[in-house]
Amino acid sequence: MAIKKRKMALRFMTVCLGILLMIPAFVACGVRQKGNIGQTDGGESETAGDEKNSIDEAMTKDDLRPQTNIGTVRITDGNTGQDLFLTQESHSEYFWEIIDKWENLDVEKSENQTQTVGYVYWLRLEDEEGAELHSIVPGEQEIQIDGVKYHDYSMGTAMELFLAVDAAWAKMSAEKLFADMQEDALNAAADNAPASAHTQATIIEQKPSDFQIPDNIEGVTMEVTYATSRGANLVFSNDTNLEIQYGDDYSLQAYVDGAWYNVGYIIDNAAFNAIAYPVPQNGTGSWGVRWTFFHGELPPGHYRIVKSVMDFRGTGDYTTYQLAAEFTVA
């Protein structure tokens, strides 16, 4: 009987020892199982896949950012095919202005990739060895980056980049025009060279404008977010439940000796497209303009742009206001 009890005790101890030896294996198995939650047939977990997608999206977004080793900004004119080159040494102000607007692009990939962006300027960011980092076709509302089209749905950042490139081109083409004239020994003509090969002198009217005090709509604002001598980008904010609309029409005024003077037209019979752009209720809208065709290039000074804004209540039922937004051309 005692022997039998000893055998049973021995058998019990063996079982307990076996259980103790199996615990690490069960723990390791549990750890491995925890790591494989959501595993698919392909061997990659859904969690890992989601993380990978997030990383890919972040990388794609980062790919749209400029590289730190940009040595040259190369601008090609879509009309003539002429190339001009910006470097930190030659045109630091314009170089960093373009880089800044490029860094602050707020765009979304366009659903329609079949139609390319209109080719006014072609912008290429190159490294110090001349290798291309990014190819960009900036438009007024759309932009093409490395062959992919994006749309600016928010604050007009594509237009701001376009205007920065436009201003740089005007400056550099003027310099090139002047240098070419000097090289040809046409000093007299060079002394009177136009500010740009594409613009004419601005006309400021001789007497103050009859329009001095703009209207005000509570909760509705118009602001110039970026301006050069050749154009500007505006943002409209509508913090109301009104149906606010505006068009392509505008006028420019220069501030001289305490009064506002109209900026005249350099062409006859200037006309605007008949169109209405809505500003969403409790939302914003952006609008960009280049005025060199109508007004030429603005000399340094303080200006404002005046636009008609409509509180639209129905067909034939609306109120029109004249809003103004100021800006400075350095």
Side-chain angles (χ1 to χ4, degrees), residues 93-94 97 100-101 155-156 159-160 162-164 166-168 170-171 174 191-196 198-240 242 244-272 277 279 284-311 318-330:
E93 176 184 356
Y94 291 97
E97 181 77 2
D100 178 68
K101 300 306 175 187
M155 302 300 286
M159 180 64 176
E160 292 186 7
F162 178 84
L163 289 172
D166 193 45
K171 173 67 174 178
D191 290 339
N192 297 302
S196 166
H198 303 300
T199 61
Q200 301 180 44
T202 299
I203 302 168
I204 306 296
E205 294 186 357
Q206 297 299 312
K207 64 177 183 177
S209 170
D210 294 334
F211 179 78
Q212 293 291 320
I213 303 176
D215 297 322
N216 178 63
I217 313 175
E218 185 176 355
V220 178
T221 60
M222 181 180 77
E223 178 186 7
V224 173
T225 58
Y226 181 71
T228 71
S229 61
R230 298 162 63 85
N233 188 75
L234 283 70
V235 169
F236 297 85
S237 297
N238 178 15
D239 296 325
T240 73
L242 303 176
I244 299 299
Q245 299 180 358
Y246 64 92
D248 280 334
D249 59 295
Y250 71 94
S251 62
L252 292 177
Q253 293 185 327
Y255 192 68
V256 181
D257 296 331
W260 291 102
Y261 290 74
N262 289 328
V263 176
Y265 294 91
I266 60 175
I267 64 170
D268 296 326
N269 303 318
F272 300 97
Y277 302 105
V279 183
T284 61
S286 66
W287 179 79
V289 59
R290 273 201 308 168
W291 49 63
T292 50
F293 183 73
F294 282 172
H295 302 285
E297 188 168 349
L298 300 181
H302 193 66
Y303 298 88
R304 71 180 181 183
I305 184 168
V306 179
K307 283 188 64 63
S308 298
V309 175
M310 182 188 304
D311 171 13
Y318 57 87
T319 303
T320 301
Y321 299 87
Q322 298 294 317
L323 301 188
E326 300 182 18
F327 61 95
T328 299
V329 175

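For reference, positions follow the sequence shown, starting with 1. Note that this is a predicted model, so its numbers are computed, not measured.
Among all heavy-atom pairs drawn from I266 and F293, the shortest one is CG1-O, 3.6 Å. Across all their heavy atoms, S286 and Y246 have their closest contact at O-OH, 3.3 Å. Closest non-hydrogen pair, Y261 versus V256, comes out as CE1-O, 3.3 Å. Of all non-hydrogen atoms in I204 and A254, the two that sit nearest each other are CD1-CB, 4.0 Å. The heavy-atom pair separating V306 from A324 by the smallest distance is CG2-CB, 4.1 Å.
In the displayed structure, Q212 atom CD is contacted under 6.0 Å by more than 12 heavy atoms of other residues, nucleotides or ligands. When the shell of 6.0 Å around CZ of F211 is examined, it contains more than 12 heavy atoms from other residues, nucleotides or ligands.
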**OP:** List the steps and the verdict of side chain to side chain contact (heavy atoms under 4.5 Å, CB included) for T240 and I217.
**Re:** CA-CA 10 Å; T240 73; I217 313 175; 5.9 Å; no
Original post:
Is there a side chain to side chain contact (heavy atoms under 4.5 Å, CB included) between D311 and Y321 once you walk through the steps?
Top reply: CA-CA 8 Å; D311 171 13; Y321 299 87; 4.0 Å; yes
Subject >> F162 vs N233, side chain to side chain contact (heavy atoms under 4.5 Å, CB included): CA-CA, chis, key distance, verdict >> reply: CA-CA 10 Å; F162 178 84; N233 188 75; over 6 Å; no
**OP:** Would you please test K101 and Y226 for side chain to side chain contact (heavy atoms under 4.5 Å, CB included) and show each step?
**Re:** CA-CA 10 Å; K101 300 306 175 187; Y226 181 71; 3.3 Å; yes
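Listed for the W291 side chain is a donor-acceptor partner under 3.5 Å among the backbone atoms of S229.
Of the inter-residue distances, the one linking E205 atom CD with W260 atom CH2 reads 14.5 Å to the nearest 0.5 angstrom. For the atom pair NE2 of H295 and CD1 of I267, the computed distance is 8.5 Å after rounding to the nearest 0.5 Å. Rounding to the nearest 0.5 angstrom, the gap separating the CG atom in N238 from the OG1 atom in T284 is 9.5 Å. The structure places CZ of R304 at 4.5 Å from CD of Q253, a figure rounded to the nearest 0.5 Å. Taking CG of D248 as the reference point, atom CH2 of W287 lies at 6.0 Å (rounded to 0.5 Å). With values rounded to the nearest 0.5 angstrom, T221 atom OG1 is found 8.5 Å from L323 atom CG.
Between V329 and F327 there is a side-chain heavy-atom pair separated by less than 4.5 Å. Here the side chains of V224 and I305 are in contact, with some heavy-atom distance below 4.5 Å.
Partner F236 forms a side-chain contact (heavy atoms from CB on, under 4.5 Å) with one of K307, Q245, E223 and no other, that one being K307.
Note on ring orientation: taking the six-membered ring where Trp is involved, the planes of Y265 and F294 are perpendicular (angle over 60°, cut-offs 30° and 60°).
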